[in-house]
Amino acid sequence: MSGRKAAALPRKAYEKELLRLQTELVKLQEWVRASGTRLVIVFEGRDAAGKGGTIKRVAEHLNPRVARIAALPKPTERERTQWYFQRYVEHLPAAGEIVLFDRSWYNRAGVEHVMGFCTKEEHQLFLRQCPIFERMLAEDGVLLRKYWFSVSDTEQQERFRRRLEDPLRRWKLSPMDLESITHWEAYSRAKDEMMVHTDITEAPWYVVESDDKRRARLNMIAHLLSSVPYHEVPPPVLELPERPASTGYQRPPRDLRTYVADHAASLGSREQ
């Protein structure tokens, strides 16, 4: 996997194109809402592959009432006794909604399988049922897009190192994340087997090279926009009304309320 990393994308060019793509995502959102489309976007890949950062940029300017992120915790004891796909079904979108799955039902094909959290029989059952499940979604009119973020072993380890040293991002690391380093080949085999069974015509996998996070974000968003037949929906005509004349309202005295201290005021004095 070495030798594939392209030259780093300049920040200015990245930010300019990201803003343009995010503007198009807002248009996509309004088309989804107006047309009653149901759009599901699955983000999968190894730990530290860049899924979370891409999801953040996709959702940054979208209406959370239309586009929501589904990041499910580990199943409860009750959920463990349900049909495997059941707890994911309740998070699927209704008409006019977008759901971004930060990891998805594919946990069974990766983490659960490699780390022994499911039986071999449960894993094989998943591989048989998953294409059927996704074909059912497609037949019912759901637009399903699946993205696999591919990161090299050296880049993943470097990202883990930076997270360990950064107090703002250390929470992103768990003992299981670090343990994945020692299971690199097992995860590779699991991913390959998953792709063989679930890369279907109705819901193909799209691989995003993610050693360069900026390129990965732009490439993924651009592909998503190109794969959905959206068009710009004219916004409603809005006019700012004139503020009516006062009817005599008077604001209560400030000392009747508890105000937040002006912490920001101290910043100027620190500079001096």
Could you list the donor-acceptor pairs under 3.5 angstrom formed between side-chain atoms of residues 89-101 and any protein atom two or more places apart in sequence or on another chain?
residue : atom : partner : partner atom : Å
E97     : OE1  : R68     : NH1          : 3.1
E97     : OE1  : A94     : N            : 2.8

Residues 104-112, side-chain donor-acceptor partners within the protein, below 3.5 Å, at least two apart:
residue : atom : partner : partner atom : Å
S104    : OG   : E44     : OE2          : 2.8
S104    : OG   : Y106    : N            : 3.3
W105    : NE1  : E134    : OE2          : 3.0
Y106    : OH   : E134    : OE1          : 3.3
Y106    : OH   : E134    : OE2          : 2.5
Y106    : OH   : K146    : NZ           : 3.0
R108    : NE   : E112    : OE1          : 2.8
R108    : NH2  : E112    : OE1          : 2.9

Do any side-chain atoms of residues 49-57 form donor-acceptor pairs under 3.5 angstrom with protein atoms, and if so which ones, sequence neighbours left out?
residue : atom : partner : partner atom : Å
K51     : NZ   : G45     : O            : 3.4
K51     : NZ   : R46     : O            : 2.8
T54     : OG1  : G50     : O            : 2.9
R57     : NH1  : G53     : O            : 3.3

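Using a distance-only test at 3.5 Å, with no hydrogens or angles considered, no donor-acceptor pair links the side chain of D140 to the main chain of V142.
For the pair R87 and P75, the minimum side-chain heavy-atom distance is below 4.5 Å. For the pair V208/W148, no side-chain contact is recorded, criterion being any heavy-atom separation below 4.5 Å from C-beta on. For the pair Y84/Q129, no side-chain contact is recorded, criterion being any heavy-atom separation below 4.5 Å from C-beta on. Using a 4.5 Å heavy-atom threshold, the side chains of M220 and F43 count as touching. A heavy-atom distance below 4.5 Å is not found between the side chains of E17 and Q22. Taking 4.5 Å as the limit, every side-chain heavy atom of R145 sits out of range of all side-chain heavy atoms of V42. Put simply, the side chain of L25 reaches to within 4.5 Å of the side chain of L62, judged on heavy atoms. Between I41 and L143, the closest side-chain pair of non-hydrogen atoms is not below 4.5 Å.
The salt bridge (Lys or Arg N to Asp or Glu O under 4.0 Å) test applied to D166 returns R169, not counting sequence neighbours. In this structure R159 satisfies the salt bridge (Lys or Arg N to Asp or Glu O under 4.0 Å) test together with E155, sequence neighbours excluded.
No more than 12 heavy atoms of other residues, nucleotides or ligands sit less than 6.0 Å from atom CE of M136.
Cluster annotation: V32 is connected to I69 through the hydrophobic network of ILVMFWY side chains, with a link wherever side-chain heavy atoms come within less than 4.5 Å.
Between the side chains of Y14 and R217, at least one donor-acceptor pair of N or O atoms lies under 3.5 Å. Side-chain contact, T198 with W205: a donor N or O sits under 3.5 Å from an acceptor N or O. Side chains of E24 and Y230: a donor on one and an acceptor on the other come within 3.5 Å. Of the N and O atoms on the side chains of S180 and D177, not one donor lies less than 3.5 Å from an acceptor on the other residue.
Between R135 and E139 there is no salt bridge, since no side-chain N of the basic residue sits under 4.0 Å from a carboxylate O of the acidic one.
Sequence neighbours left out, the pairs with a member in residues 219-245 that pass salt bridge (Lys or Arg N to Asp or Glu O under 4.0 Å) are K27-E232.
A distance of 6.0 Å or more separates the ring centres of Y88 and F133.
Between F85 and F126, the ring planes are parallel. Angles under 30° get that label, and only those over 60° would be called perpendicular. Aromatic ring orientation, H223 versus Y206: tilted (interplanar angle from 30° to 60°).
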